[in-house]
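Shown next, in structure tokens, is the structure this report addresses.
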Number of protein chains: 2
Amino acid sequence: MTQIARTQSQLGNIIRRARKTAKMTQADLGKRAGLRQATVSQIESGDTDPSTKTVLDMLAALDLELVVRPRSKGSHDDIEDIF
Amino acid sequence: MTQIARTQSQLGNIIRRARKTAKMTQADLGKRAGLRQATVSQIESGDTDPSTKTVLDMLAALDLELVVRPRSKGSHDDIEDIF
DNA sequence: CTTCTTTATGCGGCAAGGCGTATAAAATAG
DNA sequence: CTATTTTATACGCCTTGCCGCATAAAGAAG
């Protein structure tokens with residue numbers, strides 16, 4: 001299952017979903033990634049523009065990785081990350 | 001061609017490579033992404049920790065997109081991004 | 001409703017990103 | 001080698017991410 005992120009909010013949603021799937025709380029994830037629970041909250045909500053390192057740390061803590069690839073691989077434009 | 005980025009430097013290398021492939025200068029990319037040439041330089045060099053928005057803007061300007069997926073898809077640990 | 005857990009907000013503070021402007025240094029062209 | 005383009009650095013400024021600490025609000029459990 002590979003998820004496309006073109007905005008911070010989409011990225012936040014992906015992270016939140018992954019965290020729940022992993023049955024972790026924001027505090028758990030924060031601890032693993034070296035972040036505050038508050039920071040995790042803000043990032044998941046998409047109401048901040050996190051640094052790359054912060055994002056990578058969170059993804060690593062969730063056993064996820066980032067991939068860069070040419071756009072529009074199928075190009076279903078993801079009107080909004082509804083699910 | 002899908003590239004894994006687990007660190008800022010790897011991300012910077014990916015961007016630089018993509019920019020060159022697209023035959024753009026740092027100034028070109030900067031213009032498209034709304035960034036200074038100097039900023040592009042620093043990010044490509046990996047000596048800064050860019051914000052998510054900045055990275056997404058650069059990727060968009062290069063017609064690239066970000067994908068999140070489970071780690072270790074083959075798990076070749078990428079000792080360092082040599083090429 | 002009450003209790004416990006989880007998530008969202010708030011405030012002051014420090015560090016760092018990105019900006020404008022400018023220039024040095026390196027690479028490419030001629 | 002010289003001229004031009006491209007890339008790397010620098011300084012000061014402003015904004016904002018993330019921190020610690022604390023608390024409010026929202027959910028889940030009893």
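As a basis for the values below, the full set of heavy atoms in this structure was taken, side chains included, without hydrogen atoms, waters or symmetry mates.
Going from atom CD of B:Q26 over to atom CE of B:M58 covers 8.0 Å, rounded to the nearest 0.5 Å. Interatomic distance, CD of A:E65 versus CG of A:L56, reported as 11.0 Å (0.5 Å rounding). From A:D49, atom CG reaches atom CD1 of A:I43 across 9.5 Å, with rounding to the nearest 0.5 Å.
Side-chain atoms of A:Q26 stay outside donor-acceptor range of the base of C:dA8, with no qualifying N/O pair under 3.5 Å. With hydrogens and angles left out, the side chain of A:R16 and the base of C:dT7 share no donor-acceptor pair within 3.5 Å.
Look at A:S41 and you won't find any side-chain N or O under 4.0 angstrom from OP1 or OP2 of C:dT6. A sub-4.0 Å separation between OP1 or OP2 of C:dT7 and a side-chain N or O of A:R19 is present. Distances shorter than 4.0 Å separate none of the side-chain N or O atoms of A:T25 from OP1 or OP2 on C:dT5.
Backbone-only contact: A:G34 has heavy atoms under 4.0 Å from sugar-phosphate atoms and none from a base.
Checked for salt-bridge contact, A:D28 and A:R32 miss the test: no charged N lies under 4.0 Å from a carboxylate O.
Rounded to an integer number of Å, the gap from NZ of A:K20 to P of C:dT5 is 19 Å. Note: CD (B:Q42) to C1' (C:dG18) measures 8 Å, nearest angstrom. Straight-line distance from the CZ atom of B:R36 to the P atom of D:dC13: 15 Å, rounded to whole Å. Nucleotide D:dC18 holds its P atom 10 Å from the NZ atom of A:K53, rounded to whole Å. Following rounding to the nearest Å, A:L56 (CG) and D:dC18 (P) show an atom-to-atom distance of 12 Å. Atom CG of B:L29 is separated from atom P of D:dT6 by 14 Å (rounded to the nearest Å). One atom, CD of B:E44, and another, C1' of D:dA8, lie 11 Å apart when rounded to the nearest Å. Protein atom CD1 of A:I43 is 9 Å distant from nucleotide atom C1' of D:dC18, rounded to whole Å.
Where B:V55 and B:Q37 each meet DNA chain C at their nearest nucleotide, the meeting point lying more 5' is that of B:V55. When each of B:S51 and B:V40 is assigned the nucleotide of DNA chain D bearing its nearest heavy atom, the one mapping closer to the 5' terminus is B:V40.
Looking at A:L29, A:D57, A:T21 one by one, the single match for side-chain contact (heavy atoms from CB on, under 4.5 Å) with A:L62 turns out to be A:L29.
With C:dT9, C:dG18, D:dC18 as the candidates, the nucleotide lying closest to the side chain of A:L35 is D:dC18.
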